[in-house]
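Notes to accompany the following structure.
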Amino acid sequence: MAKNHDNRRSNIPANNSSKKEMNKVNNGVFVYSDTLTLADLSKQLNIPATDIIKFLFMNKKMVTINQTLDDETIGLICLEFGFDFRKEKAVSEENFEEMEIVDKPEDLSPRAPVVTIMGHVDHGKTTLIDAIRNSHLVDSEVGGISQAIGAYQKEINGQKITFLDTPGHEAFTAMRSRGASVTDIVVLVVAADDGVMPQTIEAINHAKAAGVPIIVAVNKIDKDGANPERIRNELMQYDIIPEEYGGDTIFCDISAKKNIGIKELLEAILVVSEMLELKANPNRYAIGTVIEANLDKGEGPKATLLVQNGTLSFQDYVVVGSAYGKIRRMSNEHKKVVKTAVPSTPVSVIGLSEVPNAGDKFMAFPTEKQARDIAFKRALAKKNEELAGNSARSLSDLYDRIHEGEVQELAIIIKADTNGSAEAVKSTVEKLSNDQVKIKVIHSSTGAITESDIMLASASGAIIYGFNVRPSALISQKAEQEKIEIRLHRIIYDLKNELEDAMKGMLKKEEVEQVTGQAEVRTLIHISKVGTVAGSYVTSGVIKAGEKIRLLRNGVIVYEGKIASLKRFKDDAREVKEGFECGITIENYNDLKEFDIIEGYEMVEKE
């Protein structure tokens, strides 16, 4: 079957330079992108290899002419011989996510804005999505969209708006943490009868961290007790200033349930979109982002793709992550088969070799061979990267990063047991900023450390500080997977001193807590002369007799002490492993409740 690809250009420039060609000296600065041997560097700097070997020998580095040099050694050599240096990552078809696609102004056409709806639970996000999806705003529009792909488009006044059907900041941030800048506008839903709530603040912080404009939809204005003016005043504390108060944020009073103000909200979205001047080039091969994906029993890997630039066509060859495939079918939110998808259009596709991750970038290529070869190279690079391990931002390497000029701003997330504690910790931390590094608290709230906090930290390169709160075993595992550091404290001055020492490069060996296991209290047995026995189930790790424990209730520490006795049935036990039941009594403490978490820990020395 012939394909009409003649009018589309490839995203890879025809004169794509090799990595070697990118290494050059320009105005005394040696710019390189790939690994170099001593012989390569000697040739490119026009310095005799013997001079370089002699210099390294005097610096106690034994290097042969064919040995590969690390970045630190390249930097030392450049400085010794009068060059400045800079490493730039080579961008090619294998890492197309980092490619900057430049289009001529005459090739660009306006595109639809991509909108995500966010806000606090029960404030009406889902109801608003349903109201937008089913509202009849133009006569020609077909009502009752059978939404099936996690995203959909709406048309008003002849202009389209794309909505991501992912209410809540978790999905929004999960995509952004993988480098996917998908959303153009965030609609923040706040209930007029309730006010600004914790998830409202989280949504504001997530949108600000992404640099995305916010439109506030004040919902439920039809309810008794609704006070839209109070919402405006409360949001001003978070630098969300309404236009009528001299700010730049559009506020729309709506009732999603009664379909009041929906048209005005959509028109406001178009106004903001017009100010953003959103454009793309439809006359090139498509590049975009995976919105969601799953494995269909009958059809295999299925993914919803959002085209961000170019045009995606039926039977195109697509690379996404380390997978590739030929698009065998492409359908819109009505489950109707389509042949092409222009910028800002979401489509569901089948034909990929494996299920990609939400947030992965995709790109279409002219030939199957090109797509297959690139997917193979990407799979190999991914495997090597996993073996080498990614360097995550942690407190222990903060000094080195500051010294090397990598860190000008340190992002921190604070979770505490009370509002007062959260504010005190935030104020203390922000005062530690100095000339070299600014400490910025991007989010501060009360309650247990959640998956949302992990995803925000991953997206923003932040460190999480817990004050009198603990992460669950599942959250700790998620943080480890995302390479996010969680620092836990109970004394504010310890937290302050730790950060100060990190910024001065004075971190020494320290005794840190290492969690051995967690057990959930399932039932309580009161025995005279013994006290309260917690019938518990070990959910992770191992619980040991006599070890230090802390008692957590809804993620907040309510008591710290020691295990007085540990039993399996009627017998004393030295330890009880994950998946087994046990009876636990806590020394000098009986006020246990069902679903409390008993967390065992020990102190270990750490650099």
[X] side chain to [Y] backbone, donor-acceptor under 3.5 Å:
X: D417; Y: V469; value: no
X: D193; Y: G225; value: no
X: S255; Y: I260; value: no
X: D596; Y: L551; value: no
X: T585; Y: S565; value: yes

Looking at every heavy atom in both [X] and [Y], which two are closest together, and how far apart are they?
X: L524; Y: E594; answer: CD1-N, 4.1 Å
X: S445; Y: A422; answer: O-CB, 4.3 Å
X: S458; Y: E482; answer: OG-OE1, 3.1 Å
X: H123; Y: D194; answer: NE2-OD2, 2.9 Å

Can you tell me if [atom1] on [X] sees more than 12 non-hydrogen neighbours from other groups inside 6.0 Å?
X: N554; atom1: CG; answer: no
X: K208; atom1: NZ; answer: yes
X: K257; atom1: NZ; answer: no

field: Basic-acidic side-chain contact under 4.0 Å: R550, E560
entry: yes
task: Run the salt-bridge test on E581 and R522 with the 4.0 Å N-O cut-off and return the result as yes or no.
output: no
statement: Output for pair (L306 CG, T183 OG1), nearest 0.5 Å, gives 9.0 Å
- prompt: Out of curiosity, L456 CG to I442 CD1, how far, rounded to the nearest 0.5 Å?
  reply: 4.0 Å
message: Here's a test for you: under side-chain contact (heavy atoms from CB on, under 4.5 Å), which of I598, T539, I549 qualifies with Q518?
response: T539
- prompt: Any idea how Y559 and Y589 line up, ring-wise: parallel (<30°), tilted (30 to 60°), or perpendicular (>60°)?
  reply: parallel
- prompt: So, T127 and D130: side-chain donor and acceptor under 3.5 Å apart, yes or no?
  reply: no
